[in-house]
Amino acid sequence: MESIASAPGKIILFGEHAVVYDQPAIAVAIDKKATISIKESSNDFTTLKSYDLDFEVILNTQNKTYELVTGKPGIIRYILEVLYQVHDHSPIDIILSTDFPVGSGLGSSAAVTVATLAALYGFHNKKFSKKTLAHNAHFIEKKVQGMASPLDTSISTYAGLVYLGKDKKISRINTDFKSTFIVGYTSRKRSTSKIVNQVSQLKNRYPDIINSIMETMGSLTEEAKFAILKNDKDKIGELMNINQGLLDSIGVNTIELSRMIYRARKYGASGSKITGAGGGGSMIAYCPIRSGEVYHSLKRYDNGIKVNISDEGIILKVRE
Ligand code: MEV
């Protein structure tokens with residue numbers, strides 16, 4: 001028997017970091033996925049292999065440790081935590097595939113967490129709703145990272161264009177808003193939890209200033225929601241640029257991200273900003289027009305991919 005689940009990555013359009021402090025955020029699922037396949041093992045070991053990420057490890061699911069067989073592992077802590085919480089520790093073979101960069105702010109940890117949970121539920125023949133899946137995946141992310149909003153795990157479960165309100169309620173924004181986004185990503189490794197922690201320390205040092213920046217990000221996201229509903233492209237772009245200025249002010253920008261953000265604007269992006277935690281990771285350029293020029297301008301010096309909004313959330317297939 002094989003249980004296969006795939007879940008999309010995401011880009012945050014507005015409100016990253018502020019969302020950790022109960023401000024709203026808007027994110028979309030992208031047409032790039034993480035896929036997890038689980039089969040019974042033919043021996044006594046639980047293995048995790050990724051041909052895309054070029055590593056193989058033997059997992060100890062009872063004490064959440066692993067032994068490296070080949071390559072340089074990534075994203076294993078999330079998979080180990082899911083196995084620890086949900087699996088009966090019988091030996092299984094897991095294969096992880098991804099068609100987007102891992103650890104780059106595109107929601108790879110949430111996509112992998114959601115896909116691993118769903119694949120395990122399928123493997124153990126356990127029925128689940130999307131609500132339970134998103135809820136349990138958020139619990140895993142929090143366990144691994146310390147602090148995490150439910151935004152990434154919700155997007156990976158439900159897909160589409162999602163608004164997370166101050167009350168932590170998730171709702172789909174139903175519009176025909178469509179655009180190509182160009183994602184520029186850096187090869188600099190960074191951890192979301194470390195960056196979220198740095199912002200929290202900055203907030204402890206300057207509570208009044210950082211609180212008001214977070215509140216401003218929140219108002220900006222509310223304004224952006226209306227701009228998206230009206231498909232007001234100029235306003236969406238302008239608000240993205242303002243959001244970028246605020247992200248810079250809380251210390252999550254880098255030289256590489258800045259270079260890509262300004263180049264994208266020069267070559268025709270309507271707006272561009274960091275997406276996700278920053279400190280490395282990725283930027284997005286909103287390109288309702290001239291996406292080709294922006295893509296080629298980024299690819300000249302950096303890594304870039306074109307992404308579109310996806311409506312395809314979690315998909316589970318179980319084959320006997
Ligand atoms: C990371 O993709 C987004 C952050 O806002 C953290 C979170 O929401 O958990 C930086």
Side-chain angles (χ1 to χ4, degrees), residues 7-30 32 34 74-75 77-78 81 98 100-114 134-159 162-170 181 183-186 188-203 210-211 213-218 220-221 224 240 243-244 246-254 257 273-284 307:
K10 63 96 207 0
I11 49 180
I12 297 182
L13 302 185
F14 295 97
E16 50 274 271
H17 286 291
V19 73
V20 175
Y21 301 99
D22 299 331
Q23 294 296 333
I26 298 173
V28 291
I30 53 173
K32 305 280 170 208
I75 217 147
R77 284 188 308 151
Y78 296 87
E81 191 62 48
T98 57
F100 64 104
V102 162
S104 296
L106 301 181
S108 53
S109 60
V112 167
T113 303
V114 168
H135 177 270
N136 294 351
H138 177 221
F139 171 82
I140 302 282
E141 272 220 321
K142 270 200 301 199
K143 277 229 68 121
V144 176
Q145 288 175 201
M147 279 166 114
S149 77
L151 188 63
D152 291 13
T153 39
S154 298
I155 284 275
S156 285
T157 306
Y158 296 102
V162 165
Y163 168 81
L164 176 68
K166 277 189 166 196
D167 53 3
K168 296 271 170 243
K169 279 215 181 96
I170 299 273
F181 289 87
V183 174
Y185 58 96
T186 64
R188 185 201 280 225
K189 288 243 178 301
R190 99 281 179 273
S191 111
T192 298
S193 49
K194 214 171 125 194
I195 311 286
V196 168
N197 250 310
Q198 274 171 19
V199 173
S200 156
Q201 280 163 23
L202 189 72
K203 187 162 135 4
I210 304 299
N211 279 332
I213 293 175
M214 296 301 176
E215 273 166 29
T216 305
M217 285 190 195
L220 187 148
T221 299
M240 273 190 171
N243 197 162
Q244 170 58 23
L246 296 170
L247 286 166
D248 200 345
S249 74
I250 59 168
V252 300
N253 200 6
T254 66
L257 287 168
K273 62 180 272 292
I274 289 166
T275 188
S282 299
M283 54 71 70
I284 47 168
V307 301

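The first residue in the sequence is number 1, and the count goes up from there. We count ligands from 1, going down the list as the structure has it; atoms in each ligand are counted the same way.
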S108: side chain to side chain contact (heavy atoms under 4.5 Å, CB included) partners, not counting sequence neighbours: I75, F100, V102
Please answer whether the main-chain N or O of G276 pairs with a side-chain N or O of E16 as donor and acceptor at a distance below 3.5 Å. yes
Report each N/O pair between ligand 1 and the protein that falls under 3.5 Å, naming both atoms.
{"residue": "ligand 1", "atom": "2 (O)", "partner": "K10", "partner atom": "NZ", "Å": "3.2"}
{"residue": "ligand 1", "atom": "2 (O)", "partner": "D152", "partner atom": "OD2", "Å": "3.2"}
{"residue": "ligand 1", "atom": "5 (O)", "partner": "H17", "partner atom": "N", "Å": "2.9"}
{"residue": "ligand 1", "atom": "8 (O)", "partner": "S149", "partner atom": "OG", "Å": "2.7"}
{"residue": "ligand 1", "atom": "9 (O)", "partner": "S149", "partner atom": "N", "Å": "2.9"}

For K194, what residues pass the salt bridge (charged side-chain N to carboxylate O under 4.0 Å, His left out) criterion, not counting sequence neighbours? none
Okay, side chain of S156, backbone of G9: is any donor-acceptor separation there less than 3.5 Å? no
Donor-acceptor pair, side chain of T186 and main chain of G281, under 3.5 angstrom: yes
Under the salt bridge (charged side-chain N to carboxylate O under 4.0 Å, His left out) rule, what pairs show up with a residue in residues 137-156, not counting sequence neighbours? K10-D152
